[in-house]
Protein chains: 2
Amino acid sequence: MGRSKTESFGVRQNRLAEIAKALAHPARVAIVEFLAKQDACVCGDIVDVLPLSQATVSQHLAELKRVGLIKGEIDGPRVCYCIDRKAWNEARTLFSQFLTDVKQCC
Amino acid sequence: MGRSKTESFGVRQNRLAEIAKALAHPARVAIVEFLAKQDACVCGDIVDVLPLSQATVSQHLAELKRVGLIKGEIDGPRVCYCIDRKAWNEARTLFSQFLTDVKQCC
DNA sequence: TCAATTTATCGTAATATTACGATATACTAA
DNA sequence: TTAGTATATCGTAATATTACGATAAATTGA
């Protein structure tokens with residue numbers, strides 16, 4: 001097949017997996033960390049920092065945006081990306097619960 | 001291309017992304033949670049619980065094992081899977097730092 | 001030994017991801 | 001208006017993921 005059977009799992013499990021997938025690439029981890037490092041939301045400097053083409057970075061940004069972890073605000077000719085506080089809190093809650101609840105079993 | 005440029009990123013960023021990828025499928029989230037729910041490490045009952053074929057479940061288990069989050073111990077004709085405490089602690093540390101350090105930027 | 005059971009692996013198909021050049025789009029500044 | 005800059009999107013290629021039936025491998029119990 002090749003298509004995830006998402007309908008067979010819970011909303012929370014799917015959301016957790018979706019966020020995990022958004023963070024499942026080192027470039028996207030790097031992007032998020034870069035955005036956080038800047039106090040203000042700097043934008044396309046990301047392309048300068050990452051060893052990837054502009055098109056690829058844009059694609060990674062779109063994926064992070066699709067999941068809601070970041071949001072982009074048009075600011076003149078450029079786009080200003082920043083962490084979406086609400087979604088990030090959601091992610092923190094989901095992951096910290098998940099990672100704490102799952103204890104050792106043997 | 002289609003192959004991640006992992007060599008361009010830090011060890012921590014790659015590890016974080018690797019663990020995230022292992023959790024980037026609801027079936028694998030479900031597997032981990034199921035393993036944790038059982039106090040002892042039950043094994044192929046996972047196949048009964050999940051709406052996936054035995055082959056697919058085995059594949060998902062292999063992925064979790066590859067990353068180190070779970071380990072399987074052969075127990076007679078069956079294999080007994082359980083959370084790997086050490087790797088899980090590593091994941092918890094990585095993610096909780098990552099999710100806490102990244103604050104809002106705007 | 002032999003059938004039954006459990007799990008892994010192989011083969012394969014459908015689809016998704018990653019990457020980038022080329023191009024389109026949108027805005028600013030001259 | 002027009003050139004320049006910034007970003008998104010399109011097209012495409014290489015590779016990875018997801019899924020499952022079929023089969024192999026390993027072990028137990030009869």
Side-chain angles (χ1 to χ4, degrees), chain A residues 1-9 13-14 17-31 34-35 38 40-67 69-82, chain B residues 1-9 13-14 17-31 34-35 41-67 69-82:
Chain A
M1 304 266 159
R3 174 130 109 281
S4 296
K5 286 187 151 185
T6 56
E7 70 281 3
S8 309
F9 301 96
Q13 289 174 333
N14 273 306
E18 190 180 40
I19 295 175
K21 187 143 90 180
L23 299 172
H25 193 292
R28 292 196 289 270
V29 171
I31 287 174
F34 182 75
L35 284 180
Q38 321 295 113
C41 48
V42 185
C43 57
D45 311 310
I46 305 170
V47 178
D48 301 333
V49 174
L50 295 188
L52 295 171
S53 78
Q54 183 267 321
T56 303
V57 171
S58 187
Q59 218 171 254
H60 282 305
L61 285 167
E63 174 61 16
L64 286 168
K65 200 173 161 189
R66 194 187 62 78
V67 180
L69 288 179
I70 67 174
K71 55 185 173 186
E73 196 181 324
I74 294 169
D75 170 31
R78 49 197 89 194
V79 178
C80 182
Y81 282 103
C82 60
Chain B
M1 303 266 157
R3 174 131 107 283
S4 296
K5 286 188 150 183
T6 57
E7 69 283 0
S8 310
F9 301 95
Q13 288 173 334
N14 272 305
E18 190 180 40
I19 295 175
K21 188 145 88 179
L23 299 172
H25 193 292
R28 292 196 289 271
V29 171
I31 287 173
F34 181 76
L35 284 180
C41 47
V42 185
C43 59
D45 310 311
I46 305 168
V47 177
D48 300 333
V49 173
L50 296 187
L52 297 170
S53 77
Q54 183 267 320
T56 303
V57 171
S58 187
Q59 218 171 255
H60 282 305
L61 286 168
E63 174 62 15
L64 286 169
K65 201 172 160 189
R66 195 187 62 76
V67 180
L69 287 179
I70 67 173
K71 56 186 173 186
E73 197 181 321
I74 295 169
D75 171 30
R78 48 197 91 194
V79 178
C80 183
Y81 282 103
C82 59

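For the numbers below, each heavy atom of this structure counts, side chains included, while hydrogens, waters and symmetry mates do not. Model, not experiment: these values are computed from the prediction. Naming: A, B, ... by sequence-line order, numbering from 1 per chain.
One finds no side-chain N or O of A:H60 lying less than 4.0 angstrom from the OP1 or OP2 phosphate oxygen of C:dT17. Side-chain nitrogen and oxygen atoms of B:T56 include none within less than 4.0 Å of the OP1 or OP2 phosphate oxygen of D:dA19.
Listed for the A:R28 side chain is no donor-acceptor partner under 3.5 Å among the backbone atoms of B:A17.
Residues of residues 46-55 of chain B having a heavy atom closer than 4.0 Å to DNA chain C, listed by number: B:Q54, B:A55. A heavy atom lying under 4.0 Å from DNA chain C marks none of the residues of residues 18-29 of chain B.
In this structure, A:I74 and A:R66 both approach DNA chain C, and ranking their closest nucleotides by distance from the 5' end singles out A:R66.
Comparing C:dT18, D:dT27, D:dT9 by their nearest atom to the side chain of B:S4 picks out C:dT18. Relative to the side chain of B:V79, the nucleotides C:dT7, C:dC27, D:dA8 differ in distance, and C:dT7 lies closest. Here the side chain of A:Y81 is nearest to one of D:dA8, D:dT18, C:dA8, namely D:dA8. Comparing atom distances between the A:Q59 side chain and each of D:dG11, C:dT9, C:dT6 picks out D:dG11 as nearest.
The CG-P distance, from B:D75 to C:dT6, rounds to 12 Å in whole Å. Protein atom CD of A:E63 is 16 Å distant from nucleotide atom C1' of D:dT9, rounded to whole Å. Atom CZ of A:F9 is separated from atom C1' of D:dA19 by 12 Å (rounded to the nearest Å). For the pair A:L61 CG and C:dT18 C1', the interatomic distance rounds to 14 Å; values are reported in whole Å. One can place CZ of B:R78 at 16 Å from C1' of C:dA8, the figure rounded to the nearest angstrom.
Residues B:I31 and B:H60 are in side-chain contact: their nearest non-hydrogen atoms beyond the backbone lie under 4.5 Å apart. Put simply, the side chain of A:N14 reaches to within 4.5 Å of the side chain of B:P26, judged on heavy atoms. In this structure, A:L35 and A:I46 have side chains that are in contact, with non-hydrogen atoms separated by less than 4.5 Å.
To the nearest 0.5 angstrom, B:S4 atom OG is 3.5 Å from A:H25 atom NE2. B:Y81 contributes atom OH, which lies 11.5 Å from atom CD of B:E73 (distance to the nearest 0.5 angstrom). To the nearest 0.5 angstrom, A:C82 atom SG is 12.0 Å from A:L69 atom CG. Taken from CG in B:L23 to CG in A:L23, the straight-line distance is 10.5 Å, to the nearest 0.5 Å.
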Show me the donor-acceptor pairs within less than 3.5 Å that the side chains of residues 49-56 of chain A make with the rest of the protein, sequence neighbours left out.
| unit_1 | atom_1 | unit_2 | atom_2 | d |
| --- | --- | --- | --- | --- |
| A:S53 | OG | A:A55 | N | 3.4 |
| A:S53 | OG | A:T56 | N | 3.2 |
| A:S53 | OG | A:T56 | OG1 | 3.0 |

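Rounded to 10 degrees, the angle between the two end axes of the helix from C:dT1-D:dA30 to C:dA30-D:dT1 is 20°, with five pairs used at each end.
Applying the salt bridge (charged side-chain N to carboxylate O under 4.0 Å, His left out) rule to A:E63 yields the partners A:R66; only residues at least two apart in sequence or on another chain are considered. Residues that satisfy the side chain to side chain donor-acceptor pair (under 3.5 Å) test with B:Q59, not counting sequence neighbours, are absent from this structure.
Smallest separation of non-hydrogen atoms from A:A22 and A:L64: O-CD2, 3.7 Å.
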